[in-house]
Number of protein chains: 2
Amino acid sequence: MTTQQLHEQILQKKSFLCVGLDPDLSKIPPHLLATEDPIFEFNKAIIDATHDLAVGYKPNTAFFEAYGIKGWITLQKTIEYINQNFPEIFTIADAKRGDIGNTSSMYAKAFFEDLNFDSVTVAPYMGKDSVEPFLAFENKFTIMLALTSNEGAFDFQTLITNGKELYKQVLETSKTWKNSQNLMYVVGATKAEYFAEIRKIVPDSFLLVPGIGAQGGSLSEVCKYGMNDKVGLLVNSARAIIYASKGTDFADRAREEALLVQKEMEGILNSKFQV
Amino acid sequence: MTTQQLHEQILQKKSFLCVGLDPDLSKIPPHLLATEDPIFEFNKAIIDATHDLAVGYKPNTAFFEAYGIKGWITLQKTIEYINQNFPEIFTIADAKRGDIGNTSSMYAKAFFEDLNFDSVTVAPYMGKDSVEPFLAFENKFTIMLALTSNEGAFDFQTLITNGKELYKQVLETSKTWKNSQNLMYVVGATKAEYFAEIRKIVPDSFLLVPGIGAQGGSLSEVCKYGMNDKVGLLVNSARAIIYASKGTDFADRAREEALLVQKEMEGILNSKFQV
């Protein structure tokens, strides 16, 4: 997928919602537990109920790996289901990978080739040669952690180095890497006031924004400071949508929650772009 | 496993060698490709040939994930093979994970419970709440990246913040986290002169040291500056051992290479501890 295609999908659906798939056997509706692959059934129902309201899905690999081989099979079935049925959807493997060069190449193969995701999240700590192997894939995107939505973000990401916060240095340095046009960044919604500063460094990049909903971030604040003239935002919501109900109505309730977010996004897009 | 048990194994085997399992279908002996699970056969042969010379094995998860479901099955077979046949061995899932708290909990379950590794490597960028879920597991170890062996280590890890390099800040901050006694750290062998400084901050912690062999680090230099009175080092070698030969003699050649390292370690231990 290209960013142009992603942008067109956003304008068409009037949505820049990404639905996070963090499926936990202890949280999904109990009636699904009798099926052969409860997590796949759950994901499939959520996807079927929300695909016209969302432009992306973000399976969180931890929630699959926790179930071992069975979990990895479910992850593969989930991404195949999306790719086969909704090829317009932008898919994100939320994996937070990153290692020395030859290892990162293997991770890139795992997510871009074997599983055929459009993008993968990576951590920046190991620097240039840990990220560039991902960037070498054409029309695939590497979404690097910049400023995350959790409390621990303030442990290291906001430390001052070279006169600026580390996450700003990470953004600036990453722009010098080969194929940096394939970078997107994770910026947490819980820190909306930071978006203005971030946009000075990466005006054109897509930002993946977790932290709306369960983590407490405000959509309108994020858009006020973070939106660019190509929208440039993918706002993720997981728990608030996928766990809206534990009953047999869970998919309908997920759709209702997704629709609320999409409608708010539509309003913002209409006011900003007169679409 | 406890650190005391690991220490006893080191003294008994006169070795603090960890063998990295980075199995790549394009690099393993071609005669194995005809078997049902070439990578498992490769790992098993390497483990059988070196288990008395090594105290740890470190499967690199990227090299399994790159083969999808089949790779994850191989990873599970490999860890089960070690745990069942060589329960004294310290096992490391080299996975470089780390995410917000509820996600890190799932990764911890994946590696500590489902796969039953003794330890897992994690990245520090997301801070305290991304690492503490791993630390909550008793007699399991969380090996956090401090100063890595690659070129990109100098992109962010050595930036000065609060008057010291970021990796030193990472070490210091991590000592304040809950159950920090379950932390070990990754420190690359290619930067031996840094070990003296690191030992001032974490005198008692085990350090996992990649970068010996293919990456060019010196064992004697690492030991000179990095060894503490409980040894406190696990030195990893992967490519130099596991790819010593592409012929049918690969396991014998791997043993020869491992023996060279073990003998050098034995000399160092004898001179330092009169064991």
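None of the values given here were measured: they were computed from a predicted structure. Residue numbers start from 1 in every chain, and the chains themselves are labelled A, B, ... in the order their sequence lines are given, proteins ahead of strands.
For Phe154(B), no part lies near chain A; criterion is any non-hydrogen pair under 4.5 Å. Of the two parts of Ile160(A), only the backbone, made up of N, CA, C and O, holds a non-hydrogen atom closer than 4.5 Å to a non-hydrogen atom of chain B. Heavy atoms of Thr61(B) lying under 4.5 Å from chain A belong to its backbone as well as its side chain. For a residue to count as touching a neighbouring chain, one of its non-hydrogen atoms must lie under 4.5 Å from one of that chain's; by this rule Val131(B) does not touch chain A. Residue contact with chain B, scored on non-hydrogen atoms closer than 4.5 Å, involves the backbone and the side chain of Tyr167(A) alike. Asn162(B) touches chain A through backbone and side chain together, each having a heavy atom under 4.5 Å away.
Heavy-atom pairs under 4.5 Å with chain B peak, among Thr121(A), Asn102(A), Leu75(A), at Asn102(A).
Formation of a donor-acceptor pair under 3.5 Å by the Asp114(A) side chain with backbone atoms of Tyr67(B) is not found in this model. Here the side chain of Asp129(B) pairs no donor or acceptor atom with the backbone of Asn150(A) at under 3.5 angstrom.
At a threshold of 4.0 Å, the pair Asp99(B)-Lys96(A) counts as salt-bridged, since one of the basic side-chain nitrogens sits closer than that to a carboxylate oxygen. No salt bridge links Glu65(A) with Lys109(B); every basic N to acidic carboxylate O contact stays at or beyond 4.0 Å.
Other residues, nucleotides and ligands contribute more than 12 heavy atoms inside 6.0 Å of the NZ atom of Lys164(B).
Here the straight-line distance linking atom OG1 of Thr173(B) with atom CG of Asp155(A) works out to 6.0 Å at 0.5 Å rounding.
For the pair Leu166(A)/Leu166(B), a side-chain contact is recorded, criterion being any heavy-atom separation below 4.5 Å from C-beta on.
Between the side chains of Tyr125(B) and Thr148(A), no donor N or O sits under 3.5 Å from an acceptor N or O.
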